[in-house]
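Given the structure is predicted, the values throughout are model-derived calculations rather than measurements.
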Amino acid sequence: MSSNQTLKTTLAGFHLGSCLMNASGVHCTDENELSGLLNANVGALVTKSCTLESRTGNPLPRYANIPNGSINSMGLPNHGLAYYLEFIEKSQYLHNKIAILSIAGLSKKENLELLKNADKADSIKLIELNLSCPNIPGKPQTGYDFEASEKLLAEAFEISTKSVGVKLPPYFDMVHFESMATVLKKFPVAYVCCVNSIGNALWINVENESVVIKPKNGFGGLGGMYIKPTALANVRMFYSLLDGVDIVGCGGIQNGQDAFEHILCGASMVQIGTTLWQEGPACFDRISNELSTIMQQKGYATIDEFKGKLKSMN
Ligand code: ERO
């Protein structure tokens with residue numbers, strides 16, 4: 001990185017050394033993977049979304065790399081809340097980055113229980129409430145039900161004294177962007193992360209005329225290059241609708257230019273999923289260097305100089 005450029009950012013009031021981090025679900029399910037992130041060139045890391053008890057998830061194969069992307073139907077495999085609380089407790093003084101706890105209860109009751117338990121842990125500073133898991137058979141994504149989202153958030157913010165951000169599914173209709181923004185404005189959300197994978201996509205292997213993952217007859221969350229334009233639209237829209245709320249961009253970040261585009265749309269931080277899965281934590285060095293080079297070429301010393309400054313055409 002050039003000495004003049006810095007990727008420093010702030011998220012929910014926390015000052016972070018880099019605007020890059022992992023997307024929940026990738027390289028963050030067990031201690032080994034999480035430790036890899038603690039040692040990587042990231043400003044924060046987020047754990048695999050967890051439930052109260054551990055889960056084995058959906059049958060294998062449940063993740064597939066596809067050209068320039070991924071499809072997954074993991075089904076929320078995780079080691080349970082206590083495991084992630086312990087990891088964050090152990091690692092909190094070791095490295096100069098924040099570890100975010102991601103939770104994804106299968107019901108409102110479970111989400112509230114997760115928040116209640118996390119509230120007792122001093123080491124937990126920031127929580128990402130996942131409203132957008134697309135892969136649990138029979139469970140709709142909470143973020144697509146505005147009334148259910150509002151009810152959950154109302155109780156969540158009653159219970160929790162922590163900073164709580166939300167991870168949203170992608171929206172595709174202006175009315176839906178506005179409906180979710182109206183809900184979010186009622187609560188002190190710490191940040192809004194746009195977007196989770198595009199749910200229930202289908203990838204086909206033409207050679208054997210088959211789907212490529214086993215669960216749900218091959219239907220799964222789409223990640224990677226295909227979802228970048230949708231992710232950028234969501235980042236931009238929520239940045240515009242939610243004045244002053246930090247936005248975290250996620251979706252289709254393969255290189256420094258993709259990260260630059262997310263920040264230009266308003267992201268304070270960017271999460272990397274598919275590329276991290278495919279390349280491992282070394283991707284953060286590469287993407288940091290690429291982003292710094294673009295900033296240098298354009299004469300930007302900090303990300304604040306271009307964050308949210310996407311131009312419209314008159
Ligand atoms: O299947 C999963 O574990 C999963 N996959 C995603 O693409 N997004 C999720 O939010 C998720 C589980 C919470």
Side-chain angles (χ1 to χ4, degrees), residues 1-2 4-12 18-21 23 43 67-69 132 143-144 146 165-185 189 191-199 201 221-275 286-314:
M1 193 187 300
S2 146
N4 294 329
Q5 273 63 49
T6 170
L7 303 187
K8 278 186 193 152
T9 191
T10 55
L11 177 68
S18 168
C19 61
L20 303 186
M21 64 180 289
N68 292 302
S132 46
Y144 286 144
F146 304 112
V166 292
K167 177 120 180 198
L168 297 181
Y171 299 98
F172 305 93
D173 190 288
M174 291 300 168
V175 171
H176 295 161
F177 286 119
E178 281 161 15
S179 299
M180 191 36 122
T182 301
V183 169
L184 294 173
K185 277 182 193 166
V189 284
Y191 68 82
V192 173
C193 180
C194 311
V195 294
N196 208 319
S197 57
I198 295 184
L222 186 67
M225 184 192 72
Y226 311 99
I227 80 166
K228 189 180 75 171
T230 298
L232 292 175
N234 277 259
V235 168
R236 186 68 183 158
M237 195 56 77
F238 283 105
Y239 179 78
S240 307
L241 291 170
L242 300 174
D243 201 21
V245 176
D246 288 338
I247 307 294
V248 177
C250 183
I253 298 172
Q254 294 179 312
N255 55 44
Q257 183 180 317
D258 299 325
F260 184 88
E261 290 175 14
H262 270 263
I263 297 164
L264 198 61
C265 286
S268 296
M269 188 90 196
V270 295
Q271 295 186 344
I272 296 172
T274 298
T275 299
R286 177 180 61 76
I287 295 170
S288 297
N289 287 332
E290 291 166 355
L291 176 56
S292 297
T293 300
I294 292 170
M295 287 168 61
Q296 189 173 27
Q297 284 163 353
K298 287 176 172 283
Y300 296 127
T302 68
I303 72 164
D304 283 341
E305 291 173 21
F306 63 96
K307 185 171 83 183
K309 302 219 168 119
L310 179 68
K311 294 174 191 152
S312 293
M313 295 170 75
N314 306 308

Practice task
Establish, from distance only, whether the side-chain atoms of Lys307 and Ser268 form a donor-acceptor pair under 3.5 Å.
Solution key: yes

Can you check whether [X] reaches [Y] side chain to side chain, under 4.5 Å on heavy atoms?
{"X": "Leu242", "Y": "Val189", "result": "no"}
{"X": "Phe238", "Y": "Cys193", "result": "no"}
{"X": "Ile227", "Y": "Pro170", "result": "no"}
{"X": "Val166", "Y": "Leu184", "result": "yes"}
{"X": "Asp258", "Y": "Thr275", "result": "no"}

Problem - Among Asn68, Ile287, Ile272, Thr274, side chain to side chain contact (heavy atoms under 4.5 Å, CB included) partner for Gln254 - result: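 Testing each of Asn68, Ile287, Ile272, Thr274 against Gln254, the sole residue satisfying side chain to side chain contact (heavy atoms under 4.5 Å, CB included) is Asn68.
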
Handout entry: Residue from Leu20, Val248, Ile247 passing side chain to side chain contact (heavy atoms under 4.5 Å, CB included) with Met269
Key =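 Output: one option passes, namely Val248.
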
What pair of heavy atoms forms the shortest contact from [X] to [Y], and how long is it?
{"X": "Leu291", "Y": "Cys19", "value": "CD2-SG, 4.0 Å"}
{"X": "Val235", "Y": "Ala267", "value": "CG1-N, 3.8 Å"}
{"X": "Leu310", "Y": "Cys265", "value": "CD2-SG, 4.2 Å"}
{"X": "Thr6", "Y": "Met295", "value": "O-CE, 3.6 Å"}

Practice task
Output every pair passing salt bridge (Lys or Arg N to Asp or Glu O under 4.0 Å) with a member in residues 290-301, not counting sequence neighbours, ordered by first then second residue.
Solution key: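 Listed once each, the pairs are Arg286-Glu290.
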
Ignoring hydrogens and geometry, is there a side-chain-to-backbone donor-acceptor pair from [X] to [Y] under 3.5 Å?
{"X": "Tyr144", "Y": "Ser132", "answer": "no"}
{"X": "Arg236", "Y": "Ala231", "answer": "no"}
{"X": "Asn234", "Y": "Cys194", "answer": "no"}
{"X": "His262", "Y": "Gly251", "answer": "yes"}
{"X": "Asp246", "Y": "Ala12", "answer": "yes"}

Handout entry: ring pair (Phe, Tyr, Trp, His ring centres under 6.0 Å): pairs with one or both residues in residues 292-314, sequence neighbours excluded
Key =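 Of all non-adjacent pairs touching residues 292-314, those that pass ring pair (Phe, Tyr, Trp, His ring centres under 6.0 Å) are Phe260-Phe306, Tyr300-Phe306.
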
Exercise for the section: Step through the shown structure and confirm whether more than 12 heavy atoms of other residues, nucleotides or ligands are within 6.0 Å of CG on Asp243. Expected result: no

State the [atom1]-[atom2] distance between [X] and [Y], to the nearest 0.5 angstrom.
{"X": "Leu241", "Y": "Glu178", "atom1": "CG", "atom2": "CD", "value": "6.0 Å"}
{"X": "Thr230", "Y": "Lys228", "atom1": "OG1", "atom2": "NZ", "value": "11.5 Å"}
{"X": "Tyr239", "Y": "Leu232", "atom1": "OH", "atom2": "CG", "value": "14.5 Å"}
{"X": "Asn289", "Y": "Gln296", "atom1": "CG", "atom2": "CD", "value": "10.5 Å"}
{"X": "Asp304", "Y": "Lys309", "atom1": "CG", "atom2": "NZ", "value": "8.0 Å"}

